[in-house]
Amino acid sequence: LGLILAYATLPYHPPPNTDHDLHARLVQPDTPLTGSWDNARLEAFLQEQLKLSVPRQAQPKLDLVLWPEQPAPIDYALQPSFQAATAQLTSATQAAFLFDQVTYPLSRAGELEVQQPRNSAQLIHADGTTGSRYDKMHLFRFDNGREQYDESRVLEPGREPVLFELPARDGHIWRVALSVCYDLRF
């Protein structure tokens, strides 16, 4: 038993995996937090994001395009213009697309529960089909005596972690766990 316990305390260093590469593009421009989001501003934002997301060169081909948290009010399920931009992106890159958005659950009557927003990460597969969605579980909160902020005052937490498989162009299947911002600490 002592030998087993001693062996279990040794650090584990998995062998490096150099046989497979995941090619991804992260797009997060400096989007102003102020100002209103009318249709024209949202459309301009989407077009700029698309321009930044599609590589000018053909190689290496992308496996994944990422748009992390940003202040634009995008909701894939509710915005046909964002759905069209997503279709354009996946068609141009032939890559999966993972983005952050604010989502709203549906009531039993099928109406949006706008008082219960969630900070969500949504996957769109390379073929354009809708994939997994993760709702941020660990909401950020701080109070330093001068400033305070509590996401739980405006957001509903998610309930479970999400893991998905991402096929890469080289045939390797990557297992990806989703998180949003502060979730990385947990």
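Looking only at side-chain heavy atoms (C-beta outward), Gln101 and Ser120 come within less than 4.5 Å of each other. Looking only at side-chain heavy atoms (C-beta outward), Gln70 and Phe99 stay at 4.5 Å or farther from each other. Between Ile74 and Leu42 the shortest side-chain heavy-atom distance falls below 4.5 Å. Proximity of Leu166 to Leu22: side-chain heavy atoms (C-beta onward) are separated by under 4.5 Å at one or more points. Between Leu66 and Gln28, the closest side-chain pair of non-hydrogen atoms is not below 4.5 Å. Between Leu98 and Leu178, some side-chain heavy-atom pair lies under the 4.5 Å cut-off.
Shortest non-hydrogen contact noted between Pro32 and Pro71 is O-CG, 3.7 Å. Heavy-atom minimum distance, Val54 versus Ala92: CG2-CB, 4.0 Å. When all heavy atoms are compared, the tightest approach of Val27 to Pro68 is O-CD, 3.4 Å. When all heavy atoms are compared, the tightest approach of Phe164 to Ser132 is CB-OG, 3.7 Å. For the residue pair Ser152 and Leu139, the shortest heavy atom distance occurs at CA-CD1, 3.7 Å.
Here CZ of Arg169 is found 13.5 Å from CG of Asp21. Values are rounded to the nearest 0.5 Å. Note that the NE2 atom of His23 and the CG atom of Asp63 stand 6.0 Å from one another [nearest 0.5 Å]. Distance check: Asp143 CG to Tyr149 OH gives 14.0 Å after rounding to the nearest 0.5 Å. Distance check, rounded to the nearest 0.5 Å: CH2 of Trp67 to CG of Leu50 gives 5.0 Å.
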#### Entry: Test log, rule side-chain contact (heavy atoms from CB on, under 4.5 Å), inputs Leu123 and Val176
CA-CA 11 Å; Leu123 174 70; Val176 180; over 6 Å; no
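In this structure Glu165 satisfies the side-chain contact (heavy atoms from CB on, under 4.5 Å) test together with Ile173, Arg175, sequence neighbours excluded. By the side-chain contact (heavy atoms from CB on, under 4.5 Å) test, Asp100 is found to be paired with Glu69, Asn119, Val180, residues two or more places apart in sequence or in another chain being considered. With sequence neighbours excluded, no residue forms a side chain to side chain donor-acceptor pair (under 3.5 Å) with Thr34. Partners of Asp127 by side-chain contact (heavy atoms from CB on, under 4.5 Å), not counting sequence neighbours, listed by chain and number: His125, Thr129. Applying the side-chain contact (heavy atoms from CB on, under 4.5 Å) rule to Glu160 yields no partners; only residues at least two apart in sequence or on another chain are considered.
Sorted by first and then second residue, the salt bridge (Lys or Arg N to Asp or Glu O under 4.0 Å) pairs involving residues 110-125 (not counting sequence neighbours) are Arg118-Asp135. Residue pairs satisfying the salt bridge (Lys or Arg N to Asp or Glu O under 4.0 Å) criterion with at least one member in residues 41-51, sequence neighbours excluded, are listed as follows: Glu48-Lys51. Screening residues 34-53 for ring pair (Phe, Tyr, Trp, His ring centres under 6.0 Å), with sequence neighbours left out, gives Trp37-Phe45. Counting only residues at least two apart or on different chains, no side chain to side chain donor-acceptor pair (under 3.5 Å) pair has a member in residues 71-99.
Leu112 belongs to a hydrophobic cluster whose remaining members, ordered by chain and number, are Leu78, Val102, Tyr104, Leu106, Val114; membership requires side-chain heavy atoms of ILVMFWY residues under 4.5 Å apart, directly or through intermediates.
In this model, no donor atom of one side chain and acceptor atom of the other lie less than 3.5 Å apart for Asp38 and Ser36.
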